[in-house]
Amino acid sequence: MRRSLPLLAALALAVSACATPLARPRPEESPEIVEMKARILELQRKITVTEVEIERLRRQVADLQSRGGRVGSVPAPPPGPPPLEPAPEPPFVPAPAPVEVSDLEPDREAPPASAAPPAPAAGPRDEDAGEADGSAAAAPVTAAAQALYDRGYTLYHQGRYLDAEASFQRFLQSFADTELADNAQYWIGEARFARGDAQGALAAFRETVERFSSGNKVPDALLKVGDCLAELGDLENARSRYLEVGRRFPRSAAAAMAEERLAKLP
């Protein structure tokens, strides 16, 4: 019996050594690890979807190749509208051209462009012009001459006085023998007077009276000579010119305006 005690002890020791230890509980995972696992699972899902899509595209390409199509060929979209280009500048359109009676304005200021009076055309002379009647036969006004004259007339009433004067100067260089030559010379004076160049305007109006002495613009030009002299301070000679208008052209519109000017002189 005593001999069996050591044997039993040894046997118990061996059994305890060979016994499997009890499983330990797994520690709780941190939120970072849980999130990382979720991301990995999502990436794996996306990869799977991508592989499926790639396989579908490969099959489509193979099908196109088998039918003679070209890989990657896509119908071209319909052509869009052409790119917009800057709108061209509208051509110059002269104003209509009725018969001119008198170009005089109540004052020296030109009306706004929208209210510009129509450009005068060649036509019968003003019967009230007195000594201005009976001019020598002039060349007919051609379409080119009328267009150039209308351009200067319109530019003047747009307030573009330098351009207007240049247009009338070109008219006189090319069409000095037409019925509108005296009108063009007169409007050169008006353009200068509107710019405040009373001395230059005086020269232009005097040339109208002297160069076109039998033209229909003589009464108006003579009145404007008086205006220029008054502007320059020569009131005595201005008064003389106004009286001359009334004496030479008593039934003209210029005579009525000359009478008004005389009444305003000091």
Side-chain angles (χ1 to χ4, degrees), residues 1-97 105 107-119 143-144 147-148 150-168 170 191 194-197:
M1 186 67 178
R2 292 180 180 175
R3 293 180 185 177
S4 62
L5 288 176
L7 180 59
L8 289 174
L11 181 59
L13 182 60
V15 171
S16 62
C18 296
T20 303
L22 295 176
R24 299 178 181 177
R26 297 175 62 184
E28 185 177 356
E29 295 179 344
S30 64
E32 291 81 1
I33 295 177
V34 174
E35 183 180 359
M36 184 64 69
K37 287 182 178 182
R39 290 183 179 179
I40 292 172
L41 290 175
E42 179 64 19
L43 289 174
Q44 289 176 345
R45 187 188 67 80
K46 289 182 178 180
I47 291 172
T48 302
V49 173
T50 303
E51 290 177 349
V52 172
E53 182 65 17
I54 291 174
E55 182 62 25
R56 185 182 66 81
L57 292 175
R58 284 177 179 172
R59 290 178 183 176
Q60 286 184 353
V61 171
D63 184 59
L64 287 173
Q65 288 178 337
S66 65
R67 287 186 291 177
R70 293 185 179 180
V71 179
S73 61
V74 180
L84 296 177
E85 297 181 356
E89 182 180 356
F92 175 82
V93 180
E105 303 287 347
D107 51 41
R108 74 184 63 176
E109 295 182 1
S114 59
L148 183 57
D150 290 347
R151 179 177 180 82
Y153 191 83
T154 302
L155 289 170
Y156 171 83
H157 286 94
Q158 290 176 345
R160 298 168 59 182
Y161 304 122
L162 283 173
D163 293 336
E165 180 178 348
S167 184
F168 288 125
R170 288 195 299 271
R195 297 201 314 267
D197 181 10

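All values reported here derive from a predicted model rather than from experimental measurement.
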J.: What's the spacing between Ile40 CD1 and Glu35 CD if we round to 0.5 Å?
T.: 11.0 Å
J.: Provide the closest heavy-atom pair for Leu148 versus Arg170 in the form atom of the first, atom of the second, distance.
T.: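 The answer is CD2-C, 3.8 Å.
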J.: Do you know which two heavy atoms are closest between Gly152 and Ala164, and how far apart they sit?
T.: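 The answer is O-CB, 3.4 Å.
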J.: Find the distance between OG1 (Thr154) and CG (Asp163) and round it off to the nearest 0.5 Å.
T.: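 If we round to the nearest 0.5 Å, Thr154:OG1 and Asp163:CG are 12.5 Å apart.
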J.: How many angstroms lie between atom OH of Tyr161 and atom CG of Leu155, to the nearest 0.5 angstrom?
T.: 11.5 Å
